[in-house]
Protein chains: 2
Amino acid sequence: MTEATRRERLRVETERDIRRQARALLVEHGRDAVTLRAIAREVGITAPALYRYYDSREDLLRRLAEDVCTDLAAELDADLSRIDEDDVSAQVYAVCRGFRRWALAHPQEFTLVFASTEDTLGSCGPNGDRSQVGDQFGRVFLEVAGRLIASHPLPDDLGDDDVPEELHADLAAFQQILLATVNDRGVAVDGTVLPLGAVYHITQSWVRIYGHVALEVFGRFPFAVSNPEPMFDSMLAQILGEMGF
Amino acid sequence: MTEATRRERLRVETERDIRRQARALLVEHGRDAVTLRAIAREVGITAPALYRYYDSREDLLRRLAEDVCTDLAAELDADLSRIDEDDVSAQVYAVCRGFRRWALAHPQEFTLVFASTEDTLGSCGPNGDRSQVGDQFGRVFLEVAGRLIASHPLPDDLGDDDVPEELHADLAAFQQILLATVNDRGVAVDGTVLPLGAVYHITQSWVRIYGHVALEVFGRFPFAVSNPEPMFDSMLAQILGEMGF
DNA sequence: CAACTACGTAAACACCGTTCACTGACTCGT
DNA sequence: ACGAGTCAGTGAACGGTGTTTACGTAGTTG
């Protein structure tokens, strides 16, 4: 049956335990409380044993961040699956609201993944591959952005006119990624349906969505917002409106 | 001459020393490196002595955050003073660019002040007075927003139409603060010149500016942006354009 | 000059990350 | 089946941390 040896089975089980307890500490008491000794105490082993699984506390936190991303992506996927496949607008709403709700419900995890300097969290491989941490979440983001593009003729007013020249190269690279995502969904499109202006607009939308969520999580709005939800929704409506919805 | 007694003079000097060394540790090695013992070592005293000045490490970090805000505000004020008083557009550019430049140059300080959960940084007094930390910075933000309003007839397309009802009360409160700021500058205005739609737009502008800066500091753009500066400037141009500049 | 205030200290406690030598159970080739 | 090898886990140790406590002592004040 099980190919794995007993030792290997025990190892993966212990590792799962470690991650689960570390996650609980993060959620309940914040990053600083994610202590090797505290984790070990919860799991029922001693702190040095953790070095059989991770190079250091930082390494563990890095993996934890990846887990968080994976779970967030799964949650957003679940939200997405409950929406009519043809209603792209509702899909965007679902994912964005899901992201906001998740961030507010898990501020510590949000802070770890979305508000940590790169050198703190590392994740910068030798070949300069950035944002490994956000990979899973990036997948969902791309997924939705891809659906949005594939299933909707973009309005003409998203011309490439006011896109700064210096961004053309970067945006073109992102455009290729987006198009590849769309094509992976079985929809054949080319660059003509996704002008750089639209790519730029998607990026700007991420800036606004992230900005609102982070400001809300960190409580840094310029005035007390007693009910930020309609503000978020209204922003989403405006973003979608600018894309022709 | 000096009203203060010798002890008092020594005390303020020591406190200044503590803050300076703590600040240096924060800038150079990050929040976790701001250690009572490390500070004490640099200052030339022992760790428990710090408890004569602060209730705890958290308390010290809170005060440090206020210092950071004050310095940021001073820096932005300096930037502002170099701009033609009548050129509001240039003033907005100066402050926003200054904010971005400061954040990129001082990521640890930015993280402490603008990306810390409120319970981590506290600053929530008993009477629920939030965002004490950002007060000084908020002053500058309000200052510029006030100038922007006072010196420029806002376009009509910033109607209150698409402002969610639920936000009216909060926005009205912010509107009063903005108007008070403007009036403090000697310009008499009333609510007619600053519709809620404009207040809303100012808030949305903060969302975008903050979002961009934070994404850049934390490296969480959906793709590698080799040169984010034109992106930021183009965003500012769009924000100003929407306000009729 | 005596009484008092308060800054700073040393010692101690309970934590922390990390290293190291070591044990003992599991695995595998013969 | 058994010996050799692997490796998860341990306990002790080192140097670091925040914080409390009792205490000395310099500065202040009557």
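Note: hydrogens, waters and symmetry copies are ignored here, and every other heavy atom, side chains too, is used. First the proteins, then the strands, lettered A, B, ... as listed; each starts at 1.
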Exercise for the section: Name all residues meeting the side chain to side chain donor-acceptor pair (under 3.5 Å) criterion together with Asn227(A); count only those two or more places apart in sequence or in a different chain, and write none if there are none. Expected result: none

Problem - Atom-pair distance (CG on Leu36(A); P on dG9(D)), nearest Å - result: 14 Å

Problem - Contact under 4.0 Å: Thr46(B) side-chain N or O vs dT9(C) OP1/OP2 - result: yes

Problem - N or O in side chain of Tyr53(B) less than 4.0 angstrom from dC7(C) OP1/OP2 - result: no

Exercise for the section: Give a yes or no on whether a donor-acceptor pair under 3.5 Å exists between the nucleobase atoms of dG18(D), that is its base, and the side chain of Arg57(B). Expected result: no

Exercise for the section: Mind calculating the distance between CG (Leu25(A)) and P (dC16(C)) to the nearest angstrom? Expected result: 10 Å

Practice task
Report the residue (Thr35(B) or Arg52(A)) whose heavy-atom-nearest nucleotide on DNA chain D is the more 5′ of the two.
Solution key: Arg52(A)

Practice task
Return the value, rounded to whole Å, for the distance between atom CG of Leu60(B) and atom P of dT17(D).
Solution key: 14 Å

Practice task
Working to the nearest 0.5 Å, report the span between CG of Leu50(B) and CG of Leu36(B).
Solution key: 5.5 Å

Handout entry: Under 3.5 Å side-chain donor-acceptor pair for Tyr200(A) and Ser234(B)
Key = yes

Problem - salt bridge (Lys or Arg N to Asp or Glu O under 4.0 Å) evaluation trace for Arg97(B) with Glu229(B) - result: CA-CA 9 Å; Arg97(B) 282 176 176 154; Glu229(B) 187 157 332; 5.6 Å; no

Practice task
Test Ile39(B) against every option in Ile45(B), Leu25(B), Asp17(B) by the side chain to side chain contact (heavy atoms under 4.5 Å, CB included) rule and name the one that passes.
Solution key: Leu25(B)

Practice task
Taking only the side-chain nitrogens and oxygens of Arg37(B), find out if one of them lies under 4.0 Å from OP1 or OP2 of dC16(C).
Solution key: no

Practice task
In whole angstrom, give the distance that lies between atom CD1 of Ile39(B) and atom P of dT19(D).
Solution key: 11 Å

Problem - Residue-phosphate contact under 4.0 Å: Arg41(B) side-chain N/O, dG15(D) OP1/OP2 - result: no

Problem - Integer-rounded Å distance: dG16(D) C1' and His29(B) NE2 - result: 15 Å

Fill in the blank from the handout: Distance col, row Ile239(A):CD1 vs Cys96(A):SG, nearest 0.5 angstrom, shows 7.0 Å

Problem - Residue whose nearest DNA chain C nucleotide is more 5′ - Ala38(A) or Pro48(A) - result: Ala38(A)

Practice task
Check whether the side chains of Tyr54(A) and Glu15(A) place a donor and an acceptor atom closer than 3.5 Å, and report yes or no.
Solution key: yes

Problem - Residue-phosphate contact under 4.0 Å: Arg6(A) side-chain N/O, dC26(C) OP1/OP2 - result: yes

Practice task
Please check if the distance between the ring centroids of Trp206(A) and Phe174(A) is under 6.0 Å.
Solution key: no

Completion exercise
On DNA chain C, more 5' by nearest nucleotide between Ala47(B) and Val34(A) is Ala47(B)

Completion exercise
The correct set of residues in residues 10-19 of chain B placing a heavy atom under 4.0 Å from DNA chain C is Arg11(B), Thr14(B)

Practice task
For the pair Ser116(B) (side chain) and Thr111(B) (backbone), establish whether a donor and an acceptor sit closer than 3.5 Å, ignoring hydrogens and angles.
Solution key: yes

Exercise for the section: Verify the contact: side-chain N or O of Tyr51(A) to OP1 or OP2 of dA8(D), cut-off strictly under 4.0 Å; return yes or no. Expected result: no

Problem - Range-with-range stems of DNA chain D (Watson-Crick or G-U pairs under 3.5 Å, three or more in a row) - result: C:1-30 with D:1-30

Problem - Protein-nucleotide distance (Asp32(B), atom CG; dG17(C), atom P), rounded to Å - result: 11 Å

Handout entry: Member of Phe114(B), Phe141(B), Tyr93(B) meeting the ring pair (Phe, Tyr, Trp, His ring centres under 6.0 Å) criterion with Phe99(B)
Key = Phe114(B)

Handout entry: Phosphate OP1/OP2 of dA6(C): any Arg7(B) side-chain N/O under 4.0 Å
Key = no

